[in-house]
Structures are given as structure tokens and as C-alpha cells.
K.L.:
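Pasting a structure below so you can have a look.
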Amino acid sequence: MSILEEIQRRRIFGIISHPDAGKTTLTEKLLLHGGAIREAGTVKARRNAKFAKSDWMEIEKQRGISVTSSVMQFEYNGKVVSIMDTPGHNDFGEDTYRILTSVDSAVMVIDAAKGVEAQTVKLFKVCSMRQIPIFTFINKLDRQSKDPLDCMADLEDALGLPSTVVTWPIGNGLTFEGIYDRLENKVFLYRQKNGIIELGAKGVFGDALEGVISQANLDILRGEMELLDGAGNAFDLQEIKAGKLSPVFFGSALADFGVTAFLQHFLEWAPAPGTRKTITGEVHPTDDFFSGFIFKIQANMNPAHRDRLAFLRICSGTFNRGMTVTLSRTGKSMKLSQSTQLMANERETLETAVVGDIIGIYDSGNYQIGDTLTDRKEKLFFEPLPTFPPELFMRVHAVNSLKAKQFQKGVQQLAQEGAIQVYHNEFNDIILGAVGQLQFEVFEYRLNNEYNSEVRMETLDYCVARWVNPASVEDVKEVLPARSTLVYDRFERPILLFANQYTLNNFMQKNPKIELWEALNLDDSEYQEG
Ligand code: G4P
């Protein structure tokens with residue numbers, strides 16, 4: 001197979017959902033279809049006893065969750081599929097956001113009884129910022145659900161996302177009888193395993209379903225199809241690939257129903273790795289030099305050595321173990337001799353990899369999130385990964401002031417690694433910012449264990465952060481409202497923290513000239529660390 005064909009058959013995606021919508025169950029079913037795991041329950045088991053076998057950090061074992069996400073790769077229908085595990089639940093953190101900046105498409109899992117929920121909205125925003133295609137899987141159809149037309153309306157109302165129906169449920173809850181694949185013109189029957197009805201030219205309006213499903217369901221289905229054919233969005237692959245239209249599928253991950261139809265369509269329509277933007281231009285997958293960027297660093301693979309694993313997404317060229325590349329930020333030459341491929345449950349040493357593969361590189365502290373590695377002679381920097389505003393804040397200090405040095409070093413390194421955001425105010429208090437509570441726990445644990453520094457943390461009553469145009473800082477100081485504060489990030493960029501959305505809105509109304517930014521896509525290398 002040529003390199004181009006190898007690239008064309010790769011798919012990298014992440015799953016976004018609100019906790020309990022069924023992300024884990026769907027992931028597991030996808031891996032089962034791909035033959036990557038043999039028994040159901042493996043993904044979940046990572047959270048339980050089996051997990052303790054792996055070499056992840058102690059805190060993960062204690063809490064029985066995965067702090068840091070991994071990549072699962074499998075082959076299906078000739079495609080090489082990588083699912084990036086995007087941590088949810090309590091382990092939701094900045095990692096979750098960053099992973100979404102490195103995927104080519106996303107699958108959005110929605111609980112059919114609940115519709116679009118809060119965390120889905122947040123993650124959706126990150127995906128839509130990058131205009132990546134989003135495939136919607138409406139789950140738990142085996143249970144009583146919302147009206148499917150309401151589910152569709154919900155997508156438009158809550159997310160502003162136009163959608164197009166690919167598979168559609170027949171019946172609801174106790175009367176659920178199957179799904180209709182509009183594009184394949186087939187019905188998959190729920191109760192009869194492998195029961196597939198090929199519909200004729202007239203689709204659901206012909207007689208193929210007469211006597212096969214209940215008359216009541218058939219009448220409803222026909223009514224719904226009339227409506228969707230007339231008023232729904234037509235299928236348009238261009239729009240899907242441009243991230244402007246989401247194909248919608250219904251099914252039950254638990255019953256493994258509707259999953260095959262979803263997987264087949266998804267792999268066909270989801271994009272292969274494409275061009276990636278750099279600061280000065282673009283890198284194409286077929287460019288003859290090797291390049292990639294680091295989107296995640298997993299710490300503590302071996303606590304004794306402070307080893308870390310850097311996750312690199314290859315954007316052009318071929319990776320060969322032992323190759324020498326340049327770390328663009330420092331200009332240093334690096335030999336990539338220890339590399340692993342990341343699979344569902346094990347790691348294998350990897351000799352070669354192509355565009356669209358994710359590799360893990362052992363790191364003794366050289367890499368930072370967003371770093372570019374390349375063997376091109378001329379300098380190359382991929383566009384910086386966006387920084388997202390934290391929503392939780394803590395003031396932190398070392399319990400033992402004699403250990404201030406270790407404390408400072410730990411704080412600086414964890415900030416560089418992207419484990420947590422670190423700010424300071426004018427009194428030089430250190431303030432931590434995170435998008436998930438667990439980031440604080442990990443911070444405290446690691447400072448204690450890796451840097452031998454015990455810390456005291458105190459919750460601060462802010463939950464909204466906005467970067468401020470540095471030119472307006474003096475003005476901001478004049479008009480700083482109650483229950484807000486001004487801090488600086490590690491590049492000395494000013495940030496305003498507000499107690500709530502209301503305080504922020506009020507501030508914006510009163511000070512329309514002060515420019516505030518929600519996400520930063522600035523080139524960090526322009527900034528000197530403070
Ligand atoms: P998450 O990763 O998005 O948080 O969700 P997860 O897959 O863990 O699923 C959350 C709960 O919903 C689980 O039940 C799971 O079995 C159930 N579930 C997932 N998909 C479906 C589905 O298609 N139909 C139905 N009826 N249930 C589904 P649990 O009781 O919390 O856990 P467990 O005891 O089953 O493991």
C-alpha cells in the first residue's frame with residue numbers, strides 16, 4: 001500500500017458527551033466491532049480492578065478513574081481508526097479540550113431521554129471553533145425517549161447545529177421496533193437479531209414493512225418521513241465535511257443496536273487527516289518532511305524518574321524509531337528512540353508510523369504542550385493550541401516555607417506541562433485555575449509526591465475568566481467591580497476573574513471599550529515567561 005493510501009484510510013476522532021450519555025458503552029462497542037477488545041466490559045474495567053495493573057498514577061488507582069486519556073486504535077473495513085479518549089465525569093479537565101484540538105472529527109453521544117446537556121454544549125463549542133465534522137449518535141433508544149423530532153429540534157436550538165437524519169427510530173421505549181436507514185433504504189429490526197428489511201423504490205411508503213412492524217409505528221414512521229423529506233435538511237457530504245451539517249443516527253449502545261450502521265457511515269464520511277495550519281502557512285500530509293505536534297503530556301509513568309509520555313500527532317512524513325528531529329521551540333535536536341503506539345490496553349514499541357497516527361514519546365522534561373517536532377531544515381511551528389478559560393480557582397501556598405524552592409519548581413513545571421493554569425496577582429499570591437476539580441487534586445498529589453512539597457489550597461469564589469487586552473489594563477484597574485480580580489498568567493497576560501456570568505455581563509455592559517477574550521489562540525512563543 002502506498003503512503004498516500006495509508007494516510008487516506010486513517011480516521012482520528014474523539015467522543016463528546018455529557019456524563020452517563022453512554023460514551024464508554026459506545027466506545028466499547030466500537031472497539032469490539034474493530035476486534036480491539038475481546039470481551040465487553042474492558043473499557044469500563046479500566047476504571048475498576050484491572051486498572052490497577054497498569055502503570056498509571058496512584059491517584060487514578062485510588063479513585064478508580066482515568067485522569068489522563070489515551071488513544072485506542074483498531075482496524076475496521078480497511079480503515080485504521082484512532083479513538084481519542086476524552087475524559088469526562090470528574091476527570092474532566094483541560095486535557096479534554098486539548099484532545100479535541102487534535103482530532104479530525106467528533107462523535108457526539110446524546111441520551112435520547114435527556115437531549116443536549118451542559119457538558120455536551122461546552123465540548124461542542126470547542127469542536128465547532130475548529131469546524132470539524134460532528135456526527136451525532138442519539139443513544140438509549142431501547143428505553144423510553146423524547147420524541148425523535150424533539151431531539152432533532154434540540155440540536156438546532158441548544159447548539160445551533162443544522163442536522164440531517166441518516167438513521168431514524170421506529171417506535172419508542174416498549175414499542176421500539178428498529179431503525180430505518182434512509183440512505184441505504186433499509187430497516188434493521190430490533191427484536192429479530194440480524195433482521196434486515198430491504199425497502200423497494202417507494203421506501204417506507206411501499207409495502208415492505210406492512211405486517212412486519214406494527215401498523216401504528218408504520219403510520220408514525222410514514223408521517224415523520226413526509227415531514228423530514230419535506231422540511232428536514234437534505235444529506236450533503238460537502239456540508240458534513242465542512243462541519244456545517246451533522247449526520248444524525250439513533251441507536252442503543254448497550255444493546256449494540258444501530259452501532260454498525262453508524263460505524264460504517266461514519267468511517268466512510270469522516271475525513272482522513274488533512275492539512276494543518278502553521279504560523280506561516282500549511283503542512284500537507286504528503287509533504288516529504290516529518291512533522292508533528294504534542295497535544296498532551298502524561299506524567300508519572302515512572303514516579304522515580306519523573307518520566308512523562310508526550311503524545312504526538314503526526315502531520316506529515318513518516319516516523320521511524322531512532323530518527324532525529326528538531327524541537328522548534330528550542331532548536332534542540334532530539335533523537336526519538338523510545339516510542340510507543342497506544343492501544344486499548346497495552347503499549348507496544350513502535351518502529352514506524354504515518355500521518356494520522358498518534359505516537360507516545362518518552363519525555364524526561366523536554367517537551368511542552370503545543371510543541372512542534374520536525375526534521376525539516378527550515379523552522380516550523382504549528383498553530384498554537386488554544387487556551388481555554390478555567391472555571392475553578394484556588395489560592396495555593398507551600399506549607400513549609402523552607403521548601404519554597406521545590407514548590408516554585410513544581411508549580412512552574414506543572415504549568416509548562418499544561419496540567420493546570422498558574423496565575424499570580426499583584427501581591428504575588430499564586431492562583432491556580434482549572435476547568436475540572438480533579439486537576440487540583442492531581443496538582444496537590446504531584447507536588448507532594450514528585451516535588452516533596454506539601455501545599456495548602458483555598459477555594460476562591462470566581463468562576464468566569466476572560467483575558468483582557470493588555471492595552472486596557474490600567475483602565476481595568478480603575479473600574480474593577482466588587483467580586484472580581486485581576487491576575488496575570490505565566491506569560492504576564494492579564495486576566496480578569498469574575499464571581500459569575502452576571503458580574504461579567506454587567507462589566508461588559510458598563511465598559512464596552514475594554515476588550516475581553518474567551519479563548520486565546522496567541523503564539524505563546526511571542527511571550528516571555530514571567
Ligand atoms: P458515559 O461514559 O457517557 O458516562 O456513560 P456510560 O457508557 O458509562 O453509560 C452510563 C449508563 O448508561 C450505564 O449504566 C450504561 O450501561 C447505560 N447505557 C449506555 N448506553 C445505553 C443504552 O443504549 N441503553 C440503556 N438502556 N442504557 C445504556 P449504569 O447502570 O450507570 O452502569 P452499568 O452498571 O450498566 O455499568
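Just so you know, ligand 1 is whichever comes first in the structure, and atom 1 is the first atom listed for that ligand.
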K.L.:
Just checking Phe13 against Phe266, ring centres under 6.0 Å apart?
P.N.:
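That pair passes the under 6.0 Å test.
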K.L.:
Are side-chain N/O atoms of Asn172 and Thr175 paired as donor and acceptor at under 3.5 Å?
P.N.:
no
K.L.:
Numbering the atoms of ligand 1 from 1, which are under 4.0 Å from a heavy atom of Ser17?
P.N.:
3 (O)
K.L.:
Output the list of atoms in ligand 1 that are nearer than 4.0 Å to some heavy atom of Gly22, sorted by atom number.
P.N.:
1 (P), 3 (O), 5 (O), 6 (P), 7 (O), 9 (O), 19 (C)
K.L.:
Using a 3.5 Å cut-off on N or O atoms only, is Ala253 in polar contact with ligand 1?
P.N.:
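Indeed, backbone or side chain, Ala253 has an N or O that close.
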K.L.:
Between the side chains of Thr120 and Ser17, is a donor N or O closer than 3.5 angstrom to an acceptor N or O?
P.N.:
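No pair is found: no donor N or O on one side chain lies under 3.5 Å from an acceptor on the other.
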K.L.:
With distance as the sole criterion, is a donor-acceptor pair present between the side chains of Ser252 and Asp142 under 3.5 Å?
P.N.:
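Result is yes, a qualifying pair exists.
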K.L.:
Could you tell me whether some N/O pair between Pro19 and ligand 1 is separated by less than 3.5 angstrom?
P.N.:
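The answer is no, given that Pro19 and ligand 1 share no N or O pair closer than 3.5 Å.
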K.L.:
Applying a 4.0 Å heavy-atom criterion (strictly less than), which segment of Asp20 is in contact with ligand 1: side chain, backbone, both, or neither?
P.N.:
both
K.L.:
Show the atoms of ligand 1 that are less than 4.0 angstrom away from any heavy atom in Lys23.
P.N.:
1 (P), 2 (O), 3 (O), 5 (O), 7 (O)
K.L.:
Roughly how far, to the nearest 0.5 Å, is CG of Leu199 from CD of Glu184?
P.N.:
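So the CD of Glu184 and the CG of Leu199 are separated by 11.5 Å.
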K.L.:
Would you kindly say whether Asp219 and Gln215 are connected by a side-chain donor-acceptor distance under 3.5 Å?
P.N.:
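Their side chains do contain a donor-acceptor pair, which is all the 3.5 Å distance test asks for.
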K.L.:
Do the charged groups of Asp20 and Lys114 touch, with an N to O distance under 4.0 Å?
P.N.:
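Salt bridge absent between Asp20 and Lys114.
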K.L.:
Is it the side chain, the backbone, both or neither of Thr25 that has a heavy atom closer than 4.0 Å to ligand 1?
P.N.:
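Both parts.
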K.L.:
Just let me know how Arg143 lines up against ligand 1, side chain, backbone, both or neither, with a heavy-atom cut-off below 4.0 Å.
P.N.:
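Side chain only.
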K.L.:
With heavy-atom distances below 4.0 Å as the criterion, list the atoms of ligand 1 near Ser252.
P.N.:
22 (C), 23 (O), 24 (N)
K.L.:
Leu254 to ligand 1: N or O pair under 3.5 Å?
P.N.:
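By distance alone, the answer is yes.
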